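Below you'll find the structure, written out as structure tokens, and then a few comments.
Remember, it's a predicted structure, so these values are computed and weren't measured experimentally. Nothing fancy with the numbering, it's 1 onward along the sequence.
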Amino acid sequence: MNEHDTFTTTNTAEPGSFVGAQVGQMHNSNVYVLNPDDPPEREYMVGRQYLNDGIPRKARKHIERARAQGVDDSEVRFHWVLAILSKRSYRDLAKEERALLADLSARTGPGGRNGWRKGLNVVFALLSCVDGSGGDSDAAMDQLRSLPEPQHGLVLRHLELVLTGSMRQGVWHQLRENAAEAQGAGERINRVWAYFAPKPAEARARYPAPKSTSGWDALRGLVLAGVFLFAVATMMKSALAQGSLLALVSCLAVFVFGPVAGWHVTLWNHQHRRRMAKEREYGYLFSSPPPPKGGFTDQVTHDFDHYFAKYAPATKSRSTWLEQTKGVRRSLCDEVARTYRETGIETDRVRWLIRFMVRDVRRRWLTDQPLEPHELHKVDTATKIRCVILCLLLAAATVSTVTTAFQQAPVAAVGSALLTVIAGWFAIPLWMKIYSEHRRYDEELQERKEILGTRQDEYARWKGKLDDLRPTETEMEAWLDADKTLLLDETLKHYRLAWHEVTTHAFLTTAKRPCKSAHVPRGPWRHSKYEIRVFLVTDEGVREAIAVLDFEQAQWRTNSRINYRFDAVSSVQIEIVSARSYTLNITLTNGPTKSIIVPEAPTHDAVDEESRDEASMINLDAAGFSHTLRILEGMAAEGKPWFERATDPPPAFASEASEPDAASDAGAASPVRNGTARRERSTQPLPDRVAPVP
């Protein structure tokens with residue numbers, strides 16, 4: 001495990017159950033954010049960003065808004081067309097969209113030296129090979145090969161489902177090479193973890209406990225101190241009245257040694273009080289009950305135990321390290337729990353601080369710096385010796401002074417001595433406590449300042465590291481596309497299929513729980529583990545492969561492969577649990593029902609129902625759900641005839657535009673093309689439940 005090791009809260013579910021939502025991380029990014037006063041060029045850039053990041057539906061929405069505000073040239077139109085076609089086959093287009101593309105094709109002139117216009121012409125040339133207008137696929141592919149970058153790469157990527165049969169076979173080798181190169185580009189393995197790393201909570205340090213003494217204690221101490229000093233002064237006056245040298249020396253010794261000895265005793269008492277407080281904090285004086293399971297404190301305790309075991313010094317035995325750091329581990333755990341527990345911050349956001357604390361303890365332990373209370377607050381031997389000597393000298397001087405005063409004035413001496421003892425009995429402990437509390441508070445404030453400074457430096461370092469390493473949305477989408485392409489290549493090789501044998505194909509990408517999840521505002525959720533289903537539809541039936549992708553390691557394993565003929569499909573049922581969750585049930589005549597759950601994406605950061613619906617549509621769009629759903633619906637409605645019809649030339653633009661509403665929707669008449677007219681299936685909202693089709 002590395003420094004960036006993270007633990008995530010996971011949900012476990014039994015077979016057949018469904019985890020509806022899992023809270024993940026949201027990064028602060030304005031890549032998709034638009035302000036009301038932003039120019040239309042910014043709207044276009046946001047749309048283009050959505051397209052690059054695999055969300056064509058949102059891309060089209062923003063690009064069309066920008067065009068409506070006057071941002072319109074060949075580059076804008078190129079990306080607009082790609083947004084219409086991305087992650088969709090030609091059969092997925094509504095008749096209005098086909099008419100729109102036909103009209104734009106008719107109004108697009110020769111490319112000249114404009115790369116974006118050349119790209120548009122190539123797109124329309126490729127569409128002419130699948131729209132029933134009899135385009136020359138060889139000529140279209142030659143134009144595609146001669147297209148410069150970046151237009152060439154964009155066309156290959158976004159027309160993935162439009163290119164079928166021999167056209168896709170002609171570029172498949174290049175697609176595989178591009179995917180193999182892109183899969184590990186940009187130091188993916190060393191950076192992708194940073195995308196899922198939680199936003200670190202800001203550095204904090206525990207404030208000192210409030211002083212246990214108050215102003216009334218100080219007032220009471222002043223009164224007692226006054227009485228004490230009055231009694232001492234009376235005694236010394238009585239002793240000095242004798243006029244002997246011994247009395248003078250005794251009184252002078254009391255006057256000198258009293259404050260000095262009192263200072264040493266007070267210092268010793270202060271260190272003792274702090275040591276006892278630390279021992280209570282370390283749990284040496286009493287043991288606290290374990291925290292509730294699954295709570296914040298329990299998770300913090302688990303993390304401290306994990307990292308203290310992980311960072312055990314190699315030069316010492318593991319058991320010795322764990323035993324000798326038990327107290328400081330308990331203290332640090334208590335500090336983190338108390339500092340962050342009531343703030344609503346999740347445990348993984350303070351894990352950077354836990355690692356830093358453990359490394360700091362390890363550094364001090366290896367350099368023989370004090371860790372235990374008796375080491376942190378011990379009084380050095382020289383101070384102890386001076387304190388003992390001073391106290392003995394003070395005691396001798398006091399006895400001599402009292403004896404001399406008793407000889408001069410017995411009654412006054414006895415009264416002064418009694419008053420001194422009584423006042424000192426209360427005044428000295430009180431003043432030592434007042435002094436110790438004030439000094440303790442000042443010391444802990446200074447310690448907090450130093451500790452907070454080091455933690456803030458570590459916070460800035462860690463946050464800067466995450467910001468530097470965190471991949472962009474475009475990189476995350478490119479890596480996922482590369483994984484899917486290579487998985488598709490592996491599936492084709494396993495089934496020994498060439499592209500001309502594949503009628504159509506589809507991906508369905510969902511999160512594989514438990515996993516880490518993160519996203520940027522208004523962007524799709526990305527996951528550390530995916531379950532990817534590949535559907536290959538051939539003349540004989542459907543080939544399906546299911547793989548679990550470890551996105552962080554760019555590795556996958558194929559869990560199962562399923563083959564079924566069209567006549568083996570008893571029914572396909574699409575259960576719409578909600579507008580954001582679907583269950584696809586495929587029942588075979590010779591087997592149980594296969595349930596494919598498309599779960600609702602997390603929407604905890606959405607503020608209202610409309611934004612939740614929009615967030616879910618973004619995630620469904622990124623997962624390629626619409627195209628997969630259309631294929632399964634076609635299988636449910638008609639079976640093999642639907643796929644056979646998918647290979648026939650679709651109705652020409654002109655045939656569709658001749659319908660009463662097509663021309664008006666397109667905004668202009670479409671050119672007449674060759675092809676057989678066939679009424680397009682209407683696109684209606686899905687009902688709450690689609691009945692099984694026998």
Excluding sequence neighbours, so at least two apart, what forms side-chain contact (heavy atoms from CB on, under 4.5 Å) with Asp368? none
I want to check something: taking the side chain as every heavy atom from C-beta on, are Leu267 and Val379 in contact at a cut-off of under 4.5 Å? no
Using ring pair (Phe, Tyr, Trp, His ring centres under 6.0 Å) as the criterion, list what pairs up with Tyr340, not counting sequence neighbours. none
Is a salt bridge present between Asp442 and Arg439, judged by a nitrogen-to-oxygen distance below 4.0 Å? no
With the side chain counted from C-beta on, respond yes when Val534 and Ile546 share a heavy-atom pair under 4.5 Å apart, and no when they do not. no
Gap between atom OG1 of Thr347 and atom NE2 of His302 - 0.5 Å precision: 11.0 Å
Residues at least two apart in sequence or cross-chain that pass side-chain contact (heavy atoms from CB on, under 4.5 Å) with Thr485, listed by chain then number, are Trp172, Ala179
Donor-acceptor side-chain pairing of Glu443 and His270 below 3.5 angstrom: yes
Set of residues satisfying side-chain hydrogen bond (donor to acceptor under 3.5 Å, both in side chains) with respect to Arg275, sequence neighbours excluded: His272, Glu279
Glu490 CD to Thr558 OG1 distance, which is reported to the nearest 0.5 Å: 4.5 Å
Could you check, using the six-membered ring where one of them is a Trp, whether Trp462 and Phe356 have ring centers closer than 6.0 angstrom? no
Just verifying a value: how many Å separate Arg355 CZ and Glu458 CD, rounded to the nearest 0.5 Å? 8.5 Å
What residues form a salt bridge (Lys or Arg N to Asp or Glu O under 4.0 Å) with Arg57, not counting sequence neighbours? none
Can you find a side-chain donor-acceptor pair between Thr383 and Asp380 that sits under 3.5 Å? yes
With sequence neighbours left out, which residue pairs that include part of residues 207-220 fulfil the salt bridge (charged side-chain N to carboxylate O under 4.0 Å, His left out) condition? Asp217-Arg220
Flag side-chain contact, heavy atom, 4.5 Å: Asn52 against Glu477: no
Partner set under side-chain contact (heavy atoms from CB on, under 4.5 Å) for Arg280, not counting sequence neighbours: Met276, Ala277, Leu285, Phe286
With sequence neighbours left out, what residues match Phe551 under ring pair (Phe, Tyr, Trp, His ring centres under 6.0 Å)? Tyr530
Tell me whether the NZ or CZ atom of Arg329 lies within the 45° cone about the ring axis of Phe308 and under 6.0 Å from its centre. yes
Begin from the C-alpha positions of His527 and Lys516 and carry the test side-chain contact (heavy atoms from CB on, under 4.5 Å) through to its verdict. CA-CA 6 Å; His527 309 284; Lys516 292 175 283 187; over 6 Å; no
Counterpart residues, side-chain hydrogen bond (donor to acceptor under 3.5 Å, both in side chains), relative to Glu281 (two or more places apart): Arg206, Lys278, Ser331
Roughly how far, to the nearest 0.5 Å, is the OG1 atom of Thr628 from the CZ atom of Phe507? 9.5 Å
For Lys463, is there an ion pair with Asp467 - N to carboxylate O distance below 4.0 angstrom? yes
Minimal heavy-atom distance between Glu552 and Ile189, with the atoms involved, is O-CD1, 3.4 Å
Answer yes when Glu544 and Arg561 have at least one side-chain N-carboxylate O distance shorter than 4.0 Å, and no when they do not. no
Could you walk me through whether Lys326 and Glu323 pass the salt bridge (Lys or Arg N to Asp or Glu O under 4.0 Å) check? CA-CA 5 Å; Lys326 184 184 299 183; Glu323 181 63 28; 3.4 Å; yes
Thr339 and Tyr207: side-chain contact (heavy atoms from CB on, under 4.5 Å), yes or no, with the steps? CA-CA 9 Å; Thr339 305; Tyr207 279 96; over 6 Å; no
Counting only heavy atoms from other residues, nucleotides and ligands, does the tally under 6.0 Å from CD of Glu444 exceed 12? yes
Side chains of Phe196 and Ser517, heavy atoms from C-beta outward: is any pair under 4.5 Å? no
Which pairs, with at least one residue in residues 259-273 and sequence neighbours excluded, count as a salt bridge (charged side-chain N to carboxylate O under 4.0 Å, His left out)? Arg273-Glu437
Electrostatic pair Lys529-Asp550, nearest N-O below 4.0 angstrom: no
Could I get the full list of ring pair (Phe, Tyr, Trp, His ring centres under 6.0 Å) partners for Tyr459, not counting sequence neighbours? Trp352
Only residue of Arg470, Arg526, His519, Arg188 satisfying side-chain contact (heavy atoms from CB on, under 4.5 Å) with Met476 is Arg526
Is Cys391 close to His264 at the side-chain level, that is, under 4.5 Å between some pair of heavy atoms? no
Short side-chain donor-acceptor distance under 3.5 Å, Gln324 and Trp365: yes
Verify whether one side chain among Asp53 and Thr474 offers a donor that lies under 3.5 Å from an acceptor in the other. yes
Please determine whether the number of non-hydrogen atoms from other residues, nucleotides or ligands lying under 6.0 Å from atom CZ of Arg338 exceeds 12. no
With a 4.5 Å cut-off on side-chain heavy atoms, are Ile354 and Val300 touching? yes
How about Pro524 and Glu473: do any of their side-chain heavy atoms sit closer than 4.5 Å? yes
Could you pull out all residues at least two apart from Trp268 that satisfy ring pair (Phe, Tyr, Trp, His ring centres under 6.0 Å)? none
Going through the checks in order, is the ring-ring contact (aromatic ring centres under 6.0 Å, His included) test met by Trp431 and Phe426? CA-CA 9 Å; Trp431 275 109; Phe426 294 101; over 10 Å; no
Does Arg448 come within less than 4.0 Å of Glu450, counting only side-chain N to carboxylate O? no
Pairwise side-chain contact, His374 with Lys378, heavy-atom cut-off 4.5 Å (strictly under): no
